[in-house]
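Written out below as structure tokens is the structure these notes cover.
Keep in mind that this is a model prediction, so the values were computed, not measured.
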Amino acid sequence: MAGQLESVRGVEIDPDGTFKYILVRVQRAGGAEHRDIVRGTAAAEFHNHIFEKVNPEMEKLGFECKCLGGGKIDHNSKDKKIRVFGLSTGYGKADHAVTVEILKKVYQDYEITWSDDKK
């Protein structure tokens, strides 16, 4: 089961720009093992639009999802910098420190920071 959970990509975010993101806990239905993933896109007007896309994708794979919170990501691929900040009105603020650790696994050569700033 853990292998299948590990096959879920940890990060799916837009390659550039400032956009909304959510931190999602994914786990096998009824299982104890879980994995936290980051999803973000400028295509989402609201944080729940991201969850509404992720949840059915994960359900097809036999996983349950829970949104742990949200915020914004400022992704500058040219300068290799990512800034995590803000909050979701509907889901509350994600633990940005957790989000940064997940992002660092994918963007290893980036400078990644977070703050509780709203902008």
First locate atom [atom1] of [X], then atom [atom2] of [Y], and finally report the distance between them rounded to the nearest 0.5 Å.
| X | Y | atom1 | atom2 | answer |
| --- | --- | --- | --- | --- |
| C65 | I37 | SG | CD1 | 6.0 Å |
| T113 | K81 | OG1 | NZ | 8.5 Å |
| E64 | M58 | CD | CE | 13.0 Å |
| L87 | K20 | CG | NZ | 10.5 Å |
| I82 | D16 | CD1 | CG | 9.5 Å |
| I50 | I22 | CD1 | CD1 | 5.5 Å |

Practice task
Run the numbers on L61 and Q4 for side chain to side chain contact (heavy atoms under 4.5 Å, CB included), then give the verdict.
Solution key: CA-CA 9 Å; L61 299 172; Q4 290 174 314; over 6 Å; no

Are the side chains of [Y] and [X] in contact, using a 4.5 Å heavy-atom criterion?
| X | Y | result |
| --- | --- | --- |
| F46 | S88 | no |
| F63 | V24 | no |
| K66 | H34 | no |
| W114 | T99 | no |
| H75 | D14 | no |
| E6 | R35 | yes |
| L5 | R28 | no |
| I102 | D36 | yes |

Cluster link [X] to [Y], ILVMFWY, side chain under 4.5 Å:
| X | Y | answer |
| --- | --- | --- |
| Y107 | V8 | no |
| F85 | I13 | no |
| L103 | F19 | yes |
| L68 | F51 | no |

Contact summary for [X] and [Y], nearest pair of heavy atoms:
| X | Y | answer |
| --- | --- | --- |
| G70 | Y91 | N-CB, 4.4 Å |
| A94 | G69 | CB-C, 3.5 Å |
| N76 | Y110 | O-CE2, 4.1 Å |

Problem - Flag if over 12 foreign heavy atoms under 6.0 Å of NZ, K72 - result: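 Atom NZ in K72 is not crowded, with 12 or fewer foreign heavy atoms closer than 6.0 Å.
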
Handout entry: Residues, nucleotides or ligands: over 12 heavy atoms within 6.0 Å of E57 CD
Key = yes

Exercise for the section: Please report the C-alpha distance between K53 and R39 in whole Å, then the side-chain angles of each, then the deciding distance to 0.1 Å, and finally whether the side chain to side chain contact (heavy atoms under 4.5 Å, CB included) criterion is met. Expected result: CA-CA 10 Å; K53 181 179 182 295; R39 297 292 185 266; over 6 Å; no

Practice task
If the plane angle is over 60° it's perpendicular, under 30° parallel, otherwise tilted; pick one for H96 and Y21.
Solution key: tilted

Problem - Criterion side chain to side chain contact (heavy atoms under 4.5 Å, CB included) on V38 and V84, from CA distance to verdict - result: CA-CA 11 Å; V38 176; V84 181; over 6 Å; no

